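Worksheet: the structure to be examined is printed underneath.
Hydrogens, waters and symmetry mates play no part in the numbers below; they use all other heavy atoms, side chains included. Since the model is a prediction, treat every value here as computed from it, not as a measurement.
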Amino acid sequence: LSCTRFLRQETELASIPAFGVEYWKLRIQRHALWRKNGHEWLGPLTPFIGESGPYKPATTRGLLALTTHSSFLEHSKLIALAECEAWAWVEELRIGISPRALSRLLDSPLLSRLASLNLSRRALGTEGAEQLTQSTFLSNLSRLNLFGCGIAPSGLDALLSSEKISRLQSLNLASNTLTDDGVRSLCESRLQLRDLNLDWTSLTSESWRLLSRAPWLSSLESLSLASSTADSSSQAELFHSPNLSDLKHLRLSQCALGREGIRALTGAAFVNSLKSLDLSFTGMNAGSLWRLASVCWNRLNHLDLSHNELNRPLIDALDDAPNLTGQLTALTLTGHQLSSEAVARLSHCSFLSGIRSLRFSTTHLRLGSITQLLQSPQLQNLEELILDNLDYRHRERIGGMISGSGLQSLRRLKIMEGGISDTTASQLVRSKTLENLQELWVSDYWPLSQKAQEMLLERFVDVHWL
């Protein structure tokens with residue numbers, strides 16, 4: 001019965017918006033069920049995977065995503081479980097592996113039923129990519145993550161020209177070197193991709209032109225092209241591609257769009273369907289931002305303006321944008337050196353009243369500016385606060401500032417790089433303002449005492465050490 005409830009909650013969480021009372025209620029119930037029954041549900045997998053620590057399994061729609069090491073996958077007792085019911089619940093493996101170990105696992109029965117394989121940040125190199133093309137399980141995958149695997153162009157060409165990847169719906173090749181020939185192989189493949197990540201792959205203007213003609217663009221919902229060096233004409237060719245009509249998520253971080261690129265983006269067929277748009281590191285100015293806002297924010301939920309010059313004119317353009325208030329629910333503003341005047345203007349922006357998730361850096365902000373922003377009455381509906389690059393000068397006082405901010409709707413707090421002190425931990429635990437706070441994500445950069453850790457674990461529903 002408890003397992004049935006858990007599966008129902010997982011399904012509901014995947015189908016409802018990421019914020020709101022019902023969402024957080026389901027997360028609490030789901031977490032309680034897993035904490036009580038997870039060990040039993042994992043059954044014979046527990047000795048190899050574990051229930052906590054670095055090997056804690058993630059779940060999506062009730063299916064397991066397991067993080068493990070290749071040495072576990074070669075264990076005879078685990079291999080014997082390949083056909084058992086427990087392993088049938090495993091949808092994704094995240095493996096720490098070398099090319100030599102990969103060659104021994106290519107025909108493992110443990111991999112034959114997977115839908116998703118994550119090999120990110122593993123030094124597979126060209127050898128590992130070429131070995132993947134020889135594997136029998138590759139043709140069963142719907143998701144493949146090869147982020148940062150150090151694969152040279154020849155290895156990617158071999159992989160992308162293989163017929164075995166025809167079932168892939170999600171492909172992450174970020175931080176590998178992709179040539180125009182590799183992009184051509186990708187575009188000529190018979191993929192039906194819904195999610196493609198080509199961040200930091202050295203894409204050229206010719207790469208963008210080739211992508212614009214890919215027949216599978218019609219099924220694409222998410223596209224990441226960070227740090228591409230494309231000229232305005234190739235940008236326009238991709239943005240205006242008749243195949244690219246249903247895009248919902250677009251990442252253009254570190255892409256030099258320029259005036260012509262912005263004009264091309266505002267005229268794209270997909271622009272009114274976008275739900276998230278990443279314009280970080282693009283040199284965005286007030287005029288460009290307003291032109292974009294005037295046409296493409298009918299459905300936009302998440303906007304990332306990190307590492308642009310967030311000055312008074314840019315903030316005015318945000319606040320004056322039509323269709324923004326009530327529609328935008330997540331805003332990312334990391335890497336900004338905000339003036340006191342800019343913070344004061346931002347804290348009074350009407351669109352903040354609809355924001356459920358806010359992310360910003362505290363490194364360049366004065367304590368008074370942080371307090372002013374967090375105490376803005378416009379943030380009364382904020383449910384998630386993410387603080388990046390917490391300055392060591394703020395470690396002792398950030399807890400008091402958050403506790404005294406009036407953020408009574410806050411449900412999740414993430415304090416990334418920098419960590420917190422025992423004093424801050426105590427302030428968060430004792431705060432009456434933050435009584436609805438249920439999830440805490442904290443960097444372990446600055447170790448907490450055992451007493452402080454126990455205090456946090458007892459107070460919050462879920463605590464993550466980053």
Side-chain angles (χ1 to χ4, degrees), residues 45 47-50 54-58 63-84 86-179 181-182 185-186 189 191 193 195-201:
L45 300 179
F48 305 98
I49 308 301
Y55 298 135
K56 181 179 180 179
L63 299 177
L64 296 173
L66 302 181
T67 300
T68 188
H69 193 273
S70 59
S71 60
F72 283 174
L73 298 181
E74 297 181 81
H75 198 289
S76 59
K77 290 185 178 180
L78 184 57
I79 293 174
L81 298 176
E83 300 299 325
C84 76
W87 191 257
W89 291 94
V90 178
E91 180 185 44
E92 176 179 334
L93 270 183
R94 302 167 184 174
I95 315 173
I97 200 168
S98 65
R100 178 178 296 181
L102 179 63
S103 65
R104 297 195 301 268
L105 293 174
L106 290 180
D107 296 317
S108 170
L110 293 170
L111 305 183
S112 62
R113 298 165 67 177
L114 293 178
S116 178
L117 181 62
N118 187 335
L119 300 173
S120 60
R121 294 185 175 89
R122 303 301 168 187
L124 293 183
T126 300
E127 178 187 356
E130 292 174 346
Q131 288 174 357
L132 275 177
T133 64
Q134 305 301 318
S135 63
T136 56
F137 71 86
L138 186 61
S139 58
N140 298 326
L141 295 180
S142 60
R143 297 189 300 276
L144 179 61
N145 188 338
L146 297 175
F147 172 85
C149 286
I151 304 174
S154 60
L156 288 176
D157 289 349
L159 180 65
L160 296 174
S161 60
S162 172
E163 294 184 358
K164 293 182 179 181
I165 65 170
S166 60
R167 293 185 60 182
L168 285 182
Q169 296 181 13
S170 176
L171 179 60
N172 188 339
L173 296 175
S175 294
N176 295 287
T177 303
L178 192 59
T179 63
D181 286 339
S185 297
L186 175 63
S189 65
L191 294 169
L193 289 175
D195 178 10
L196 177 62
N197 190 330
L198 298 178
D199 289 345
W200 309 295
T201 53

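Between the side chains of E127 and Q131, at least one donor N or O lies within less than 3.5 Å of an accepting N or O. At a cut-off of 3.5 Å, with distance as the only test, no side-chain donor of T179 or D181 sits close to an acceptor on the other residue.
L110 is listed as a side-chain neighbour of W87, based on a closest heavy-atom distance under 4.5 Å. Between N118 and N172 the shortest side-chain heavy-atom distance does not fall below 4.5 Å. Residues I79 and P109 form a side-chain contact, since some pair of their non-hydrogen atoms from C-beta on lies under 4.5 Å apart. W89 places none of its side-chain heavy atoms less than 4.5 Å from the side chain of L45. At least one side-chain heavy atom of L178 sits less than 4.5 Å from a side-chain heavy atom of L160. For the pair L138 and L144, the minimum side-chain heavy-atom distance is below 4.5 Å. A 4.5 Å side-chain heavy-atom check between L102 and L132 finds at least one atom pair inside the cut-off.
A distance of 12.5 Å separates OG in S116 from CG in N140, rounded to the nearest 0.5 Å. L159 CG to L171 CG: the interatomic distance, rounded to the nearest 0.5 Å, is 7.0 Å. Atom CG of L119 and atom CG of L93 lie 9.5 Å apart (nearest 0.5 Å). Here the straight-line distance linking atom CD of E92 with atom CG of L141 works out to 10.0 Å at 0.5 Å rounding. Of the inter-residue distances, the one linking E130 atom CD with L124 atom CG reads 12.0 Å to the nearest 0.5 angstrom. One finds the CG atom of L168 at 10.0 Å from the OG atom of S139 (value rounded to the nearest 0.5 Å).
Panel note: side chain T177, backbone P153; no donor-acceptor pair is recorded below 3.5 Å. Although no hydrogens or angles enter the test, the distance criterion places no donor-acceptor pair under 3.5 Å between the side chain of N197 and the main chain of L173. In terms of modelled atom types and a separation under 3.5 Å, the side chain of N176 and the main chain of L146 share a donor-acceptor contact.
Across all their heavy atoms, I95 and R122 have their closest contact at O-NE, 3.5 Å. The nearest pair of heavy atoms linking T126 to S154 is CG2-OG, 3.4 Å. Summarising the geometry of A82 relative to R113, their closest heavy-atom pair is O-NH1, 3.2 Å, with the distance given to 0.1 Å. When all heavy atoms are compared, the tightest approach of S120 to C149 is CA-SG, 4.4 Å. Scanning all heavy atoms of the two residues, the minimum distance from A174 to T201 falls at CA-CG2, 4.1 Å.
Counted within 6.0 Å of CZ on R121, heavy atoms from surrounding residues, nucleotides or ligands total 12 or fewer; the atom is thus considered open.
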